[in-house]
Amino acid sequence: MTIIIGKTTQPPNVKLKPSYLLLLAIKNNLVIFEMVAKVGDSLPSIELDELVGGEIKKVTLPDLFKGKRGILFGVPGAFTPGCSKTHLPGYIADYDTLKEAGAEIVVCVSVNDAFTMGAWGDAHGADGKVRMLADPRAELATALGFEFDAVGVLGNVRCRRFSAVVEDGVLKSVNLEEGGGMTCSLSNQILDQLKQQ
């Protein structure tokens with residue numbers, strides 16, 4: 001989410017912590033901020049969808065991570081090449097190692113519907129390892145400042161690839177990919193951070 005403020009150096013009046021604001025640029029006497037979640041911020045309480053027993057259930061990340069330590073990672077889309085060949089399979093394959101390192105819960109989120117996320121999880125054997133959550137309107141991606149315009153390729157706004165160590169609903173580490181990269185948000189990278197927390 002980008003916010004443009006006319007002729008001021010003060011952040012906009014938003015209901016997010018100041019650390020969410022990242023100065024992008026000053027152009028023609030306009031100050032442009034981008035809201036991006038940072039270490040130490042609490043996860044936003046936005047309802048996401050999860051397919052459970054064929055029914056869509058509403059969940060929030062603060063509820064899922066309440067009193068727990070775990071991993072949250074996001075991807076641009078279910079069944080897309082990089083996400084299906086590398087990102088999700090890595091977290092599933094490394095689940096036992098992540099659990100041994102202290103992860104009590106592993107959550108994947110994408111801008112898709114719950115049925116697509118459920119089918120994608122089934123196709124990769126995520127059940128019992130990775131919770132597959134849908135952010136169908138990109139509300140979480142936007143609230144975190146992780147959204148990007150993928151209208152030309154995927155038809156709508158999507159979530160950039162990211163991973164985070166979360167403890168009791170608070171971000172302890174955040175890895176946000178640039179462009180279409182798949183490096184810092186992969187399971188082997190978050191494992192090192194999980195061990196250090």
Side-chain angles (χ1 to χ4, degrees), residues 37 43-144 146-148 150 153-167 169 171 173-177 180 182 184-191 194:
L43 290 170
S45 187
I46 290 172
E47 285 192 338
L48 302 171
D49 298 337
E50 182 176 26
L51 192 65
V52 179
E55 293 184 17
I56 297 175
K57 303 291 184 184
K58 299 290 185 185
V59 298
T60 68
L61 293 176
D63 287 342
L64 285 181
F65 284 95
K66 186 174 183 177
K68 294 179 183 171
R69 188 166 175 253
I71 296 167
L72 171 66
F73 71 99
V75 296
F79 295 107
T80 56
C83 303
S84 288
K85 291 178 183 174
T86 305
H87 221 149
L88 177 61
Y91 280 93
I92 293 169
D94 291 343
Y95 174 76
D96 290 332
T97 305
L98 296 169
K99 189 175 177 182
E100 288 171 12
E104 299 171 80
I105 184 171
V106 179
V107 176
C108 175
V109 65
S110 181
V111 180
N112 287 108
D113 63 87
F115 296 104
T116 300
M117 288 299 285
W120 190 38
D122 289 345
H124 288 278
D127 191 41
K129 295 181 178 181
V130 178
R131 301 275 296 262
M132 305 296 290
L133 303 186
D135 181 19
R137 293 164 297 282
E139 292 171 320
L140 177 68
T142 302
L144 292 172
F146 296 170
E147 82 280 10
F148 75 100
V153 179
L154 299 172
N156 57 357
V157 170
R158 295 293 176 121
C159 184
R160 287 167 60 185
R161 288 186 182 94
F162 77 92
S163 65
V165 173
V166 180
E167 190 167 339
L171 295 168
S173 71
V174 179
N175 309 293
L176 185 59
E177 299 282 6
M182 282 191 300
C184 68
S185 65
L186 298 177
S187 60
N188 60 330
Q189 298 296 318
I190 201 77
L191 176 61
L194 191 62

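Worth knowing before you read on, the calculation uses all heavy atoms, side chains too, and leaves out hydrogens, waters and symmetry mates.
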For V166 and L171: C-alpha separation, side-chain torsions, deciding distance, then whether side-chain contact (heavy atoms from CB on, under 4.5 Å) applies.
CA-CA 5 Å; V166 180; L171 295 168; 4.0 Å; yes
Interatomic distance, [X] atom [atom1] to [Y] atom [atom2] [nearest 0.5 angstrom]:
| X | Y | atom1 | atom2 | value |
| --- | --- | --- | --- | --- |
| L43 | L72 | CG | CG | 6.0 Å |
| F65 | E104 | CZ | CD | 10.0 Å |
| L186 | R161 | CG | CZ | 8.5 Å |
| L191 | E100 | CG | CD | 9.5 Å |
| K68 | D63 | NZ | CG | 10.0 Å |
| K129 | D96 | NZ | CG | 6.0 Å |

Heavy-atom side-chain contact between [X] and [Y] under 4.5 Å:
| X | Y | result |
| --- | --- | --- |
| L88 | F73 | yes |
| I46 | T60 | no |
| I190 | L98 | yes |
| L133 | L61 | yes |
| K58 | L48 | no |
| S185 | R160 | no |

Side-chain donor or acceptor of R69 paired with backbone N/O of L194 under 3.5 Å
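Yes.
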N188, CG: over 12 other non-hydrogen atoms inside 6.0 angstrom
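Buried by this count: over 12 neighbours within 6.0 Å.
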Which class fits the ring pair W120 and H124: parallel under 30°, tilted 30 to 60°, perpendicular over 60°?
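The rings of W120 and H124 stand perpendicular, inter-plane angle above 60°.
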query = When the ring planes of F146 and F162 are compared, do they come out parallel, tilted or perpendicular, using 30° and 60° as the limits?
reply =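 Taking F162 first and then F146, their aromatic rings sit tilted (interplane angle of 30° to 60°).
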Electrostatic pair D49-K57, nearest N-O below 4.0 angstrom
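Answer for the salt bridge query: no.
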Smallest separation among heavy atoms of [X] and [Y], with atom names:
| X | Y | answer |
| --- | --- | --- |
| I71 | Y91 | CG2-CE2, 3.8 Å |
| C184 | Q189 | O-CB, 3.5 Å |
| M132 | E50 | O-CG, 3.9 Å |
| A134 | D113 | CB-C, 3.5 Å |
| G77 | S110 | CA-OG, 3.3 Å |
| P62 | P44 | CD-O, 3.5 Å |

**Message:** Between D94 and T97, do the side chains contain a donor N or O and an acceptor N or O under 3.5 Å apart?
**Reply:**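 D94 and T97 do not have a side-chain donor-acceptor pair below 3.5 Å.
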Ignoring hydrogens and geometry beyond distance, is a side-chain donor-acceptor pair present between N175 and S163 at under 3.5 Å?
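Judged by distance alone, the side chains do pair up.
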- Task: Please report the C-alpha distance between H87 and C108 in whole Å, then the side-chain angles of each, then the deciding distance to 0.1 Å, and finally whether the side-chain contact (heavy atoms from CB on, under 4.5 Å) criterion is met.
- Result: CA-CA 10 Å; H87 221 149; C108 175; over 6 Å; no
